[in-house]
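Since we're looking at a predicted model, the values are computed, not measured. Order of appearance sets the numbers: ligands from 1, and atoms from 1 within every ligand.
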Amino acid sequence: MADTHTSSETDALHRRGLLFILSSPSGAGKTTISRMLLGADDEIALSVSATTRPRRPGEIEGIDYHFVSDEKFDAMVEEDDFYEWAHVFGHRYGTPKGYIRKALKEGRDFLFDIDWQGTQQLKQKDDQDVVSVFILPPSIVELRKRLEGRGQDSPDVIDARMDRARGEISHWAEYDYVVINDDVDQCFVKVREILHAERMKRTRQTGLIPFVRGLME
Ligand SMILES: Nc1ncnc2c1ncn2[C@@H]1O[C@H](COP(=O)(O)OP(=O)(O)OP(=O)(O)O)[C@@H](O)[C@H]1O
Ligand SMILES: Nc1nc2c(ncn2[C@@H]2O[C@H](COP(=O)(O)O)[C@@H](O)[C@H]2O)c(=O)[nH]1
């Protein structure tokens with residue numbers, strides 16, 4: 001008997017979106033992996049954070065961050081505009097609420113490049129939708145090399161980021177997945193596999209209930 005469900009129908013089963021978090025010590029490569037993921041996958045969009053940090057060369061307002069003044073950040077906190085926010089490296093960073101909840105219901109995924117403090121806050125608010133991945137550098141020597149090679153921070157800023165690296169790494173066990181970013185392409189493949197598998201989780205595939213009901217009729 002012919003299968004009444006084509007593969008495109010089954011692929012299109014409705015699912016809840018997910019909040020896909022990438023964290024790491026500064027310089028381990030989460031922005032690099034994020035960009036690769038965004039370039040390869042149309043179903044995930046970057047949650048663009050607001051920050052009081054000054055813009056780096058090449059960063060674009062609204063694409064990399066919303067660069068805001070201290071006063072504007074204060075006002076956003078006051079108006080409860082953030083899903084989460086934290087102090088990182090002497091500046092403030094926050095995830096604007098935007099349309100995240102609505103988008104999740106519509107099956108859209110969001111990618112978050114945030115630190116462990118933001119991850120804890122997102123998990124407290126919405127644990128069922130969060131998938132968290134911690135990226136480790138292959139070594140501390142390589143981490144410094146990457147920060148220096150990026151060529152965007154002063155030696156003082158690099159020292160401060162290195163000083164904080166061990167503290168950041170100490171949060172690795174709070175994450176669902178841990179991936180070592182030695183070879184960037186291999187790391188990307190692993191992160192992408194995690195995303196694909198998490199999308200297939202039974203509890204996220206809300207379209208399964210009517211689909212299975214149809215099979216049983
Ligand atoms: N696997 C890798 N091998 C070598 N270089 C890498 C690798 N992954 C990333 N890099 C390089 O390391 C530097 C830091 O990477 P990236 O900016 O993605 O780090 P990050 O974790 O997002 O840092 P931050 O938290 O400071 O934003 C960049 O110059 C990037 O091109
Ligand atoms: N808790 C949050 N952390 C954030 C957010 N946006 C970025 N970050 C983290 O800050 C550091 C430094 O970032 P950089 O761009 O200055 O190198 C890094 O660990 C980011 O993941 C946020 O909205 N909330």
Tabulate distances under 3.5 Å between N/O atoms of ligand 1 and N/O atoms of the protein, writing both atom names on each line.
{"unit_1": "ligand 1", "atom_1": "1 (N)", "unit_2": "Arg146", "atom_2": "NH2", "d": "3.4"}
{"unit_1": "ligand 1", "atom_1": "1 (N)", "unit_2": "Asn181", "atom_2": "OD1", "d": "2.9"}
{"unit_1": "ligand 1", "atom_1": "1 (N)", "unit_2": "Asp182", "atom_2": "O", "d": "2.8"}
{"unit_1": "ligand 1", "atom_1": "1 (N)", "unit_2": "Val184", "atom_2": "N", "d": "3.4"}
{"unit_1": "ligand 1", "atom_1": "3 (N)", "unit_2": "Arg146", "atom_2": "NH2", "d": "3.2"}
{"unit_1": "ligand 1", "atom_1": "8 (N)", "unit_2": "Asn181", "atom_2": "ND2", "d": "3.1"}
{"unit_1": "ligand 1", "atom_1": "17 (O)", "unit_2": "Arg150", "atom_2": "NH1", "d": "2.9"}
{"unit_1": "ligand 1", "atom_1": "18 (O)", "unit_2": "Thr31", "atom_2": "N", "d": "3.4"}
{"unit_1": "ligand 1", "atom_1": "18 (O)", "unit_2": "Thr32", "atom_2": "N", "d": "2.8"}
{"unit_1": "ligand 1", "atom_1": "18 (O)", "unit_2": "Thr32", "atom_2": "OG1", "d": "2.6"}
{"unit_1": "ligand 1", "atom_1": "19 (O)", "unit_2": "Gly29", "atom_2": "N", "d": "3.2"}
{"unit_1": "ligand 1", "atom_1": "21 (O)", "unit_2": "Ser24", "atom_2": "OG", "d": "3.3"}
{"unit_1": "ligand 1", "atom_1": "21 (O)", "unit_2": "Gly27", "atom_2": "N", "d": "3.3"}
{"unit_1": "ligand 1", "atom_1": "21 (O)", "unit_2": "Ala28", "atom_2": "N", "d": "3.4"}
{"unit_1": "ligand 1", "atom_1": "21 (O)", "unit_2": "Gly29", "atom_2": "N", "d": "3.0"}
{"unit_1": "ligand 1", "atom_1": "21 (O)", "unit_2": "Lys30", "atom_2": "N", "d": "3.0"}
{"unit_1": "ligand 1", "atom_1": "21 (O)", "unit_2": "Lys30", "atom_2": "NZ", "d": "3.0"}
{"unit_1": "ligand 1", "atom_1": "22 (O)", "unit_2": "Thr31", "atom_2": "N", "d": "2.9"}
{"unit_1": "ligand 1", "atom_1": "22 (O)", "unit_2": "Thr31", "atom_2": "OG1", "d": "2.4"}
{"unit_1": "ligand 1", "atom_1": "23 (O)", "unit_2": "Gly27", "atom_2": "N", "d": "2.9"}
{"unit_1": "ligand 1", "atom_1": "23 (O)", "unit_2": "Arg150", "atom_2": "NH1", "d": "3.1"}
{"unit_1": "ligand 1", "atom_1": "25 (O)", "unit_2": "Lys30", "atom_2": "NZ", "d": "2.5"}
{"unit_1": "ligand 1", "atom_1": "26 (O)", "unit_2": "Ser26", "atom_2": "OG", "d": "2.5"}
{"unit_1": "ligand 1", "atom_1": "26 (O)", "unit_2": "Arg150", "atom_2": "NH1", "d": "3.1"}
{"unit_1": "ligand 1", "atom_1": "26 (O)", "unit_2": "Arg150", "atom_2": "NH2", "d": "3.0"}
{"unit_1": "ligand 1", "atom_1": "26 (O)", "unit_2": "Arg161", "atom_2": "NH1", "d": "2.9"}
{"unit_1": "ligand 1", "atom_1": "27 (O)", "unit_2": "Arg150", "atom_2": "NH1", "d": "3.4"}

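Side-chain rings of Phe82 and Phe73 approach one another, their centers coming within less than 6.0 Å.
Salt bridge absent: Asp81 and Lys97 never bring a charged side-chain N and a carboxylate O closer than 4.0 Å. Between Asp74 and Arg92 there is a salt bridge, since a side-chain N of the basic residue sits under 4.0 Å from a carboxylate O of the acidic one. Using a 4.0 Å cut-off between charged nitrogen and carboxylate oxygen, Arg164 and Glu168 count as a salt-bridge pair.
Between Phe112 and Phe110, the two ring planes are tilted [angle within 30° to 60°]. Taking the six-membered ring where tryptophan is involved, the planes of His171 and Trp116 are essentially parallel, since the angle between them stays under 30° and well short of 60°.
Taking Asp182 as the reference, nothing meets the side-chain hydrogen bond (donor to acceptor under 3.5 Å, both in side chains) condition, with sequence neighbours excluded. Taking Gln120 as the reference, Glu174 meet the side-chain hydrogen bond (donor to acceptor under 3.5 Å, both in side chains) condition, with sequence neighbours excluded.
Listed as neighbours of ligand 2 are Lys30, Ser49, Arg53, Arg56, Tyr65, Glu84, Ala86, Val88, Phe89, Tyr93, Gly94, Thr95, Asp113, Ile114, Asp115, Gly118, Arg161, each bearing a heavy atom under 4.0 Å from the ligand.
In this structure, a donor-acceptor pair under 3.5 Å is absent between the side chains of Tyr93 and Glu84.
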